[in-house]
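Since this is a predicted model, take the numbers as computed values, not measurements.
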Amino acid sequence: MAQHGGPQQRIFSPLRTAVHRFAFILLICSAFGLMLLGKADTVLIERIRAASADLVSPVMNIASRPAASINEITDQVYNLAHLYEENERLRRENHQLLAWQQAARNLSHENARLRDLARYTAPPVLHLVTSRVIADMGGAYAHSVMISAGSRDGVSKGQAVISDEGLVGRVAEAGYQASRVLLITDINSRVPVIVENSRDRAFLSGDNTNRPLLTFLTADAAVAPGDRILTSGHGGAFPPGIPIGVVSSVSENSVRVAPLFRRHQLEYLRVADYGLQGILSDKRIRESQAPVNTNDTQLAPDIPTGVGIVPSAPADVDTHAKPQMPAGELP
């Protein structure tokens with residue numbers, strides 16, 4: 001039986017066969033051409049990508065809704081299955097919190113009565129200045145940061161710098177608009193501290209590492225990993241009780257402390273003015289220095305002075321003359 005084909009079939013049949021044969025090669029050439037076009041005109045390619053994303057996003061949104069609905073149903077079933085256990089846990093926590101609330105109220109009233117009996121003097125009002133860390137001035141050999149607060153904001157040298165976790169350092173240099181903060185991990189930092197559990201006193205000495213050392217500990221000091229380290233208040237530099245860190249390791253030669261802050265995550269800091277004068281400012285250091293040559297009598301410029309140099313006697317003075325005794329005194 002003879003097959004009859006129209007003119008359209010005779011025209012498009014060879015073309016369809018050629019497309020099937022060379023489709024892979026055409027795709028490779030198209031991809032190579034798009035790569036060249038992307039290198040030649042990046043703006044055009046970005047616009048095409050943005051337009052493609054806008055066109056595809058509704059489809060993707062519709063396709064993602066069934067999966068989101070399934071996840072919501074699964075979460076609801078899971079919550080219903082564990083609702084009883086969650087309710088019981090919350091009830092136990094509520095009873096514990098109520099007990100702690102009652103204990104806190106009793107201790108608060110007792111503390112107020114004891115303060116009245118002892119005529120307790122309240123500490124000075126704490127002034128806080130919140131500033132932003134604008135630069136990290138340190139490196140491998142120095143640990144300090146720059147903050148956007150200075151003397152115009154009430155910041156002065158020696159004030160404590162704290163974060164939400166605890167002590168960060170102290171103000172080393174206070175300018176008019178900015179100040180430099182010396183971190184407790186710097187090699188020049190020394191902070192009097194106390195171990196919270198054993199009440200042993202020591203110094204937190206920085207050594208330009210992320211784990212400063214506890215120095216000047218007594219031989220019988222009971223320090224273990226996990227103990228909290230607080231400021232002791234000695235020296236008048238910092239008030240007592242500011243948290244600093246946690247003991248990370250204890251060995252025969254050293255005790256390391258992990259600070260509560262992370263240097264690369266410091267963003268906002270608070271400068272705390274506790275009204276202490278433990279660290280002298282430059283002005284007070286200059287005022288405390290004794291003046292030189294307060295006597296009214298001054299040496300002549302032609303007389304040499306110094307260690308081992310004795311001024312020579314004038315020519316008309318008899319150096320061998322016997323000194324005269326004052327009247328009324330026996331030899």
Side-chain angles (χ1 to χ4, degrees), residues 104 107-108 111 115 120-133 138 143-145 147 149 153-174 179-207 209-217 221-248 255-281:
L107 292 175
S108 178
N111 191 16
R115 287 186 176 183
Y120 174 75
T121 302
V125 181
L126 175 62
H127 298 280
L128 294 175
V129 177
T130 303
S131 61
R132 184 183 181 91
V133 176
H143 288 193
S144 62
V145 296
I147 60 175
D153 306 305
V155 177
S156 60
K157 181 180 179 180
Q159 292 179 347
V161 180
I162 59 178
S163 63
D164 295 335
E165 294 82 9
L167 183 67
V168 173
R170 61 177 176 86
V171 178
E173 298 174 0
S179 302
R180 186 174 68 91
V181 177
L182 188 73
L183 303 181
I184 59 176
T185 55
D186 190 88
I187 195 171
N188 297 313
S189 176
R190 300 291 185 273
V191 181
V193 297
I194 188 172
V195 183
E196 185 179 30
N197 295 333
S198 61
R199 314 309 293 179
D200 290 316
R201 303 186 186 277
F203 274 86
L204 184 69
S205 303
D207 58 351
T209 63
N210 295 327
R211 297 290 187 269
L213 293 167
L214 274 185
T215 57
F216 297 100
L217 276 170
V223 182
D227 291 346
R228 280 166 47 93
I229 304 299
L230 313 174
T231 56
S232 63
H234 285 68
F238 305 104
I242 301 179
I244 293 181
V246 179
V247 176
S248 60
V255 178
R256 295 279 179 177
V257 176
L260 297 178
F261 69 92
R262 294 185 179 181
R263 177 181 169 186
H264 64 279
Q265 293 181 350
L266 294 177
E267 187 174 1
Y268 290 96
L269 297 176
R270 290 178 295 175
V271 182
D273 184 9
Y274 292 95
L276 302 175
Q277 301 296 334
I279 299 178
L280 295 179
S281 60

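Between Val168 and Leu266 the shortest side-chain heavy-atom distance falls below 4.5 Å. In this structure, the side chains of Val191 and Ser189 come closer than 4.5 Å at one or more pairs of heavy atoms. No side-chain heavy atom of Leu128 sits under 4.5 Å from any side-chain heavy atom of Val271. Contact check for Leu204 versus Leu213: no side-chain heavy atoms found under the 4.5 Å cut-off. With a 4.5 Å cut-off on side-chain heavy atoms, Lys157 and Glu173 do not count as touching. A 4.5 Å side-chain heavy-atom check between Pro259 and Pro212 finds at least one atom pair inside the cut-off.
The two atoms that bring Arg256 and Thr209 nearest to each other are NH1-OG1, 3.4 Å, heavy atoms only. Of all heavy-atom pairs spanning Leu230 and Arg228, the tightest one is CD2-NH2, 3.6 Å. In this structure, Ile184 and Gly169 approach most closely via the heavy-atom pair CG2-CA, 3.9 Å. Across all their heavy atoms, Ala222 and Ser198 have their closest contact at O-OG, 3.1 Å. Contact record, Thr130 with Arg270: OG1-CG, 3.5 Å, taken as the closest heavy-atom pair. Annotation for Arg201 and Leu217: closest pair O-CD2, 4.0 Å, computed over non-hydrogen atoms.
The side chain to side chain contact (heavy atoms under 4.5 Å, CB included) test with Leu269 is passed by exactly one of Asp164, Ile147, Val129: Ile147.
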Stepwise salt bridge (Lys or Arg N to Asp or Glu O under 4.0 Å) check, Asp186 with Arg170: CA-CA 11 Å; Asp186 190 88; Arg170 61 177 176 86; over 6 Å; no

Pair Leu183-Arg263, side-chain contact (heavy atoms from CB on, under 4.5 Å): steps then yes or no: CA-CA 9 Å; Leu183 303 181; Arg263 177 181 169 186; 4.1 Å; yes

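Within 6.0 Å of CG on Asn210 lie no more than 12 heavy atoms contributed by other residues, nucleotides or ligands.
Listed by chain and number, the residues in a ring-ring contact (aromatic ring centres under 6.0 Å, His included) with Phe261 amount to none (sequence neighbours excluded). Every residue two or more places apart in sequence or in another chain was checked for a side-chain hydrogen bond (donor to acceptor under 3.5 Å, both in side chains) with Ser179, and none qualifies. Every residue two or more places apart in sequence or in another chain was checked for a salt bridge (charged side-chain N to carboxylate O under 4.0 Å, His left out) with Arg199, and none qualifies. Partners of Tyr268 according to the ring-ring contact (aromatic ring centres under 6.0 Å, His included) rule, which considers only residues two or more places apart in sequence or in another chain, do not exist here. Scanning for side chain to side chain contact (heavy atoms under 4.5 Å, CB included) contacts around Ala224 gives Asp227, with sequence neighbours left out.
With Ser232 contributing its side chain and Ile194 its backbone, the two residues share no donor-acceptor pair below 3.5 Å. Asp207 contributes no side-chain N or O that, together with a main-chain N or O of Thr185, makes up a donor-acceptor pair within less than 3.5 Å. Remark: the backbone N or O of Phe203 is paired with a side-chain donor or acceptor of Thr215 at under 3.5 angstrom.
Atom CG of Leu260 sits about 7.5 Å away from atom OG of Ser163, to the nearest 0.5 Å.
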Do any side-chain atoms of residues 237-246 form donor-acceptor pairs under 3.5 angstrom with protein atoms, and if so which ones, sequence neighbours left out?
none

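Contact check on Arg132 versus Glu267 returns a salt bridge, with a Lys/Arg side-chain nitrogen under 4.0 Å from an Asp/Glu carboxylate oxygen.
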